[in-house]
Amino acid sequence: MHSARAAIAGGMAILLASCAASGGGSVAPGAARVPFVGEPTLRIGDTFTREIRPYEILNPQGEAYAFPFLGGFDVPRPQFADVDGDGDADLFVQERTDELIHFENVGTAAEPRFEWRTDTYQNLPVGEWARFHDLDDDGDLDLLAETRFSYVQYFRNDGTPTAPRFTFIADSIPEASGEPLFSDRQNIPYITDIDCDGHPDLFLGRIDGTVQRWERLRLDEEGVPVFVLRAARFEDIEIVAAISVPGGVQPRSNTPGGRPDAIRRRGGGGAFDTLTARPTLHGANSMSFADFDLDGDADLFWGDFFEAGLLWIENRGTCGNPDFRAEPEAAPATDTILTSGYNASALHDLDGDGDPDLLMGVLGGAFNPNRTSADNLHYYESVDGQLIERATRFLDGVDIGSESVPAFGDLDGDGDLDLLVGNKLDPTEVRMGKLYHLENVGAPGAPRYAMRDTIEVGELFHLAPELHDLDGDGDLDLLMGTWNDDVVVFENAGSPSAPDFRPAGDAPLVELTRGSHAVPELGDLDGDGVLDLLVGESSGEVNWYRGIAGGDGPTFELVTDAIGDLDAGRRSHPVLIDVDGDGDLDLVVGREEAGAALWRNDGTPTEPRFVDAGDLPVPLPRFSSPVFQDLDRDGDLDVVSGGMSGGLVFLRNDGGPGR
């Protein structure tokens, strides 16, 4: 398969080689997605564009999501920066390593309106964190970011304040001694001019809860900022979590509100000042500075792995002479801020009233991160010195937790495709996954989805659904992969228009010989007219079970637990499609790594032989679970996929030359 890349205004386009796919095309409208061969619906030159709002999705309250196909967040790290110099702050969110998501503010400073532009801002490899600041005093924003092994890389803005163009300059900025500056990658630093002397200060949180202050000393001959250490223990700050549970470092509770018994600041090596507790070792922390109390100097906000809230250290000095000797306090809020821990703050005046508001990403610390795998980008408005929570999902989109897996099928018999989405663990349960039902309430070619009640599947998790009429009774049954080595069946005891899924016996349909995270896919691989079963699993290989005709229900026997001896890496998610129009089924495999692998069938419709054909050139998230469907009924196949962050992404097939 040959591919090329091209840009499309307002989105991302991918030039795709000769490619056909399953689900749509030869399948009757409204039917469940099943693989088919021949009649390619993708051709050389077809392009795909990522869209955030291709179709409306209504939340359980009947309100439309603002960003329905954003893809979800698990560990959002927000920051504001006026990167286009138009007088209002744009929003950047880092969710994944080496990717910086950009939302342009197309509103105003007082009434912001954020529009998604890209998941990979200028394709900058930013490691685990990134911070914008004017580091060379030329009036535009430059960028510091994490690089491998916890060093600090530098991207200089060689564009303008209104048209930035970031150029990689150095993979490690130096100390005054010439040694590279080290910054623990799990800690998110901050840049500000803390003493108002015109020289940027870089603050690095350390894993022992202390803070280092580095000041830019000069620019070297290549224009790289050189920093000098001004304080190894800035203001003697030391944030530690004190746990008074006998025998070790344990939170008092992992329920909402559970937190360490004490958070203390310890200065100058003095004795620890709480009960009989022991300070914990720190896994991660995050800092930001803002003049929250409006007294003309910057205060410090601190989020910590072992802190369920957000700490505030008031600057009781002045802009020219800061003083952070005040004890840490909980950030002033009308309702106590309590999450799963490790909260990353970004403060900015979002409503134009003159005081900084708070956007806080929950990265998940010591208090069961599964609870905050969906509602984890909180917006607090500052009113009279108090933070009032206004939203738990500032960028509101479909997000059901982590590792989402979609499946299409006409569940209500109205001729259009409804949608099921399974997850890893549900944030409201944390002991089991849930299967979400999105009913298509739109029109043919113009779907519109509404969140309905979840479908009961018992205490299973890592849910991977597949819909098909397994017993030939005219309605859709549910095939479900699970975290264990099981693929189970839920028989539809209802009707084609009112499904009622019930467990089909006590035994699983198949049980993997090894591995876990089973992901089923149906298709006739050997041309005998009976559907076979492929199952992806944790190792990245794909199992093949041959379908056996006859009997009261579907029966499968193992052919091989590693079809073609091919390996997608980890967490294989198989999809059968005819990519080259030669009449046999090829194999696309989603995986833990971003994107998807393509295994072309160089055999025949009755004797498959899969060979590695590289990657499918479509931008898919990590833990991708692609489904190919002609949702707009224009004769070609679009792509919907779940992913690691628990939402959905959509790629529209724009057609190509000759369409």
Side-chain angles (χ1 to χ4, degrees), residues 73-79 93-97 127-131 146 150 182-190 203-212 233-234 237-245 247-266 272 274 277-289 300-313 328-331 333 336-346 358-378 402 425 427 430 645:
F73 289 125
D74 271 353
V75 287
R77 289 149 276 178
Q79 67 174 309
V93 179
Q94 186 168 6
E95 167 74 1
R96 295 171 290 274
T97 303
E128 296 301 323
W129 58 262
R131 289 295 193 188
E146 191 265 342
S150 297
F182 181 85
S183 174
D184 305 304
R185 68 184 306 174
Q186 68 267 44
N187 300 334
I188 304 175
Y190 199 83
F203 289 88
L204 304 178
R206 295 306 190 191
I207 59 173
D208 61 359
T210 62
V211 179
Q212 289 184 348
R233 293 174 59 92
F234 176 67
I237 291 171
E238 184 175 1
I239 307 291
V240 293
I243 312 299
S244 58
V245 175
V249 178
Q250 297 290 332
R252 182 169 56 194
S253 169
N254 65 0
T255 60
R259 57 178 295 166
D261 289 320
I263 300 291
R264 291 291 184 267
R265 170 186 182 275
R266 184 178 62 181
F272 192 65
T274 181
R278 303 188 310 180
T280 74
L281 296 176
H282 284 248
N285 53 61
S286 173
M287 285 184 295
S288 62
F289 287 84
L300 171 61
F301 288 79
W302 177 281
D304 193 271
F305 187 87
F306 291 100
E307 167 58 44
L310 187 67
L311 297 180
W312 173 51
I313 302 179
E329 301 176 15
T336 303
I337 298 173
L338 291 173
T339 73
S340 62
Y342 194 11
N343 298 313
S345 59
L358 170 65
L359 189 62
M360 188 182 77
V362 182
L363 310 191
F367 309 102
N368 198 344
N370 290 312
R371 292 191 298 105
T372 53
S373 59
D375 295 327
N376 50 33
L377 191 57
H378 297 245
S402 297
L425 286 169
V430 304
S645 300

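If you're wondering where the values come from, they're calculated on a predicted model, not measured in any experiment.
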- Message: Is any side-chain heavy atom of Trp302 closer than 4.5 Å to one of Val211?
- Response: yes
- Start with the C-alpha gap between Ile207 and Asn187, add the side-chain angles, then the distance that decides, and say whether side-chain contact (heavy atoms from CB on, under 4.5 Å) holds. CA-CA 8 Å; Ile207 59 173; Asn187 300 334; 3.8 Å; yes
- Task: Mark yes or no for whether Glu329, through its side chain, and Ala331, through its backbone, hold a donor-acceptor pair below 3.5 Å.
- Result: no
- Message: Is the shortest side-chain heavy-atom distance between Asn285 and Ile239 below 4.5 Å?
- Response: no
- Going by the angle between their ring planes, with limits at 30° and 60°, are Phe203 and Phe234 parallel, tilted or perpendicular? perpendicular
- Query: Would a distance-only check, ignoring hydrogens and angles, find a side-chain to backbone donor-acceptor pair under 3.5 Å from Arg233 to Thr210?
  - Reply: no
- Query: Any side-chain heavy-atom pair from Leu377 and Leu359 closer than 4.5 angstrom?
  - Reply: yes
- Side-chain (Arg77) to main-chain (Val75) donor-acceptor, under 3.5 angstrom: yes
- Item | For the student: nearest non-hydrogen atoms of Val93 and Pro76, plus distance | CG1-CB, 3.7 Å
- Glu238 side, atom CD; Arg206 side, atom CZ - distance, nearest 0.5 Å: 14.0 Å
- Message: Nearest 0.5 Å, please: how far is OG1 in Thr339 from CD in Glu307?
- Response: 8.5 Å
- Task: Mind listing the closest non-hydrogen atom pair of Gln79 and Ala130 along with its distance?
- Result: NE2-O, 2.7 Å
- From CG (Leu204) to OG (Ser150), nearest 0.5 Å: 10.5 Å
- Sequence neighbours left out, what passes side-chain hydrogen bond (donor to acceptor under 3.5 Å, both in side chains) with Ser183? Give chain and number order. none
- Closest non-hydrogen atoms of Ser373 and Asp74, given as atom of the first, atom of the second and distance, are O-OD1, 3.2 Å
- Message: Test your reading of the model: is there a side-chain donor-acceptor pair from Asn376 to the backbone of Gly361, 3.5 Å cut-off?
- Response: no
- Does Gly309 offer a backbone N or O that forms a donor-acceptor pair with the side chain of Asn343 under 3.5 Å? yes
- Task: Please confirm whether the backbone N or O of Val430 pairs with a side-chain atom of Asn370, one donor and one acceptor, at under 3.5 Å?
- Result: no
- Item | Within-4.5 Å side-chain heavy-atom neighbours: Pro189 and Gln212 | no
- Note on the structure: Taken to the nearest 0.5 Å, the spacing of Ile313 CD1 from Phe289 CZ works out to 8.5 Å
- Message: Nearest 0.5 Å, please: how far is CG in Asp184 from CD in Glu128?
- Response: 12.5 Å
- Item | Heavy-atom closest contact (Ile188 atom, Trp129 atom, distance) | CG2-CB, 4.3 Å
- Message: Given 3.5 Å as the limit, does a donor-acceptor pair link the side chain of Ser345 with the main chain of Met360, or not?
- Response: no
- Message: So Thr97 and Glu146, do their side chains get closer than 4.5 Å, heavy atoms only?
- Response: no
- All heavy atoms of Phe306 vs all of Ala366, minimum pair found to be CD2-CB, 3.8 Å
- Message: With rounding to the nearest 0.5 angstrom, report the CG to OH distance, Leu300 to Tyr190.
- Response: 10.5 Å
- Message: Quick check: do Asn368 and Ser340 have side-chain heavy atoms less than 4.5 Å from each other?
- Response: no
- Provide the closest heavy-atom pair for His378 versus Asp375 in the form atom of the first, atom of the second, distance. NE2-O, 3.4 Å
